[in-house]
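For clarity, every value in this text was computed on a predicted model and none was experimentally measured.
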Amino acid sequence: MFKILLIDRCHFTRTGFEAWLNHSGLFPGHYVVTGLNNLFLAREHILQWKPTLVIADLYGFRQDIHHFQQLSSLLNASERLPFILLQSGEDNGMTDWLGQFPVWSSLLKNASLEEVATTINDALTSRSCAERPTAAAPLLTRQEEKVLTLWMDGASNQKIAAHLSINGKTVYTYKRNIRMKLHMDTRFSPFLSLQESKS
């Protein structure tokens, strides 16, 4: 079973891409697709969930300086995986910077679906000889991903509970489970840059 990780800040791109991958019938075998808009969580997925393929539009993350450290850590973590880079923005030196990391393929985000499908099939075919797990599940549940996103946006437990229509104690439990799954030392771990959290 193949595991595909999508990284993109745009919710509509992630959900659209996920739906297309799941329902197009263009790709071989069975696979699980997980879409993320968080570099910290994406790095942990790469290290622990071990996807077969990573597809990412990293241009949306370049606005914040600390994201360059996270991008470096993310790309270094995925160096043994096919990594398809989708280019959505103005270059501004991003391609040169990304050139130092292993990238399977680089496509414009407005490339034809046929071209994207061919690239994905080539990447999956290159991994088909690798040992495939018999079962695959996302690292975090959808609800845990929602809690983590709101948590990292600075929402309090009460705001998270109100937004997701759950109990405040349930939010605490979700946060504890997230910390355990992502091997976070403290409740502040999601807010530290990856370089700081390594030391």
Side-chain angles (χ1 to χ4, degrees), residues 1 3-24 31-51 53-75 77-78 83-86 88-89 109 135-198:
M1 175 167 300
K3 295 185 278 190
I4 300 174
L5 177 61
L6 298 172
I7 307 167
D8 199 310
R9 266 212 159 144
C10 176
H11 168 77
F12 299 107
T13 300
R14 286 192 320 275
T15 54
F17 221 106
E18 202 169 334
W20 177 66
L21 287 167
N22 282 320
H23 303 293
S24 67
Y31 48 90
V32 173
V33 181
T34 296
L36 301 171
N37 68 343
N38 179 302
L39 295 178
F40 181 84
L41 186 55
R43 179 180 178 272
E44 291 305 313
H45 265 69
I46 289 169
L47 293 173
Q48 297 178 44
W49 191 54
K50 303 188 186 320
L53 171 65
V54 177
I55 303 170
D57 176 3
L58 300 176
Y59 287 79
F61 296 98
R62 75 188 191 287
Q63 301 301 325
D64 303 315
I65 295 298
H66 71 277
H67 280 139
F68 277 106
Q69 290 177 330
Q70 292 177 332
L71 287 171
S72 297
S73 184
L74 175 82
L75 290 164
S78 63
F83 194 99
I84 297 174
L85 179 66
L86 300 176
S88 65
K109 203 168 183 179
L139 185 60
L140 296 181
T141 66
R142 291 281 185 197
Q143 191 78 333
E144 288 169 342
E145 288 178 8
K146 290 176 188 175
V147 169
L148 180 61
T149 299
L150 291 168
W151 184 13
M152 292 187 71
D153 287 343
S156 67
N157 284 6
Q158 292 76 21
K159 286 185 180 179
I160 295 171
H163 184 76
L164 299 177
S165 301
I166 57 178
N167 187 298
K169 290 183 179 182
T170 305
V171 173
Y172 173 80
T173 302
Y174 276 125
K175 284 184 172 183
R176 187 191 65 217
N177 292 343
I178 290 166
R179 287 196 314 267
M180 288 172 49
K181 287 182 178 181
L182 300 182
H183 304 290
M184 295 178 183
D185 296 332
T186 72
R187 61 191 175 99
F188 302 108
S189 296
F191 305 101
L192 301 174
S193 75
L194 293 175
Q195 294 300 322
E196 290 169 344
S197 62
K198 282 184 181 176

State, yes or no, whether a side-chain contact exists between V147 and N177 at a heavy-atom distance under 4.5 Å. no

Distance (rounded to the nearest 0.5 Å) between L6 CG and L21 CG: 6.0 Å

Please determine whether side chain to side chain contact (heavy atoms under 4.5 Å, CB included) holds for the pair M152 and L148, giving the CA-CA distance in whole Å, both sets of side-chain angles, and the decisive distance to 0.1 Å. CA-CA 6 Å; M152 292 187 71; L148 180 61; 4.0 Å; yes

Taking the side chain as every heavy atom from C-beta outward, state whether K181 and T141 have any atom pair closer than 4.5 Å. yes

Kindly indicate whether the side chain of I4, heavy atoms from C-beta on, has any atom under 4.5 Å from the side chain of P51. no

Drop me the distance from L36's CG to L140's CG, to the nearest 0.5 angstrom. 8.0 Å

To the nearest 0.5 Å, how far apart are OG1 in T173 and CD in E144? 10.5 Å

If I compare all heavy atoms of K50 with all of L47, which pair ends up nearest, and what's the gap? NZ-O, 2.8 Å

Going by heavy atoms in the side chains, are L150 and V171 under 4.5 Å from each other? no

Inter-residue atom distance Y172.OH - I160.CD1, 0.5 Å rounding: 13.5 Å

4.5 Å side-chain heavy-atom contact, Y174 and I166: yes

Gap between atom CD of Q48 and atom CG of L41 - 0.5 Å precision: 9.5 Å

side-chain hydrogen bond (donor to acceptor under 3.5 Å, both in side chains) against N157, all qualifying residues, sequence neighbours excluded: K175

Is there side-chain contact between E145 and T34, with at least one heavy-atom pair below 4.5 Å? yes

So how far is it from N37 CG to T149 OG1, rounded to the nearest 0.5 Å? 5.0 Å

Note, I7 side chain near H45 side chain (heavy atom, < 4.5 Å): no

Could you tell me whether a side-chain N or O of K146 sits under 3.5 Å from a main-chain N or O of L164, the two making a donor and an acceptor? no

Which residues share a salt bridge (charged side-chain N to carboxylate O under 4.0 Å, His left out) with K109, sequence neighbours left out: D8, D57

Inspect the contact between E18 and R142 and indicate whether a charged nitrogen and a carboxylate oxygen are less than 4.0 angstrom apart. yes

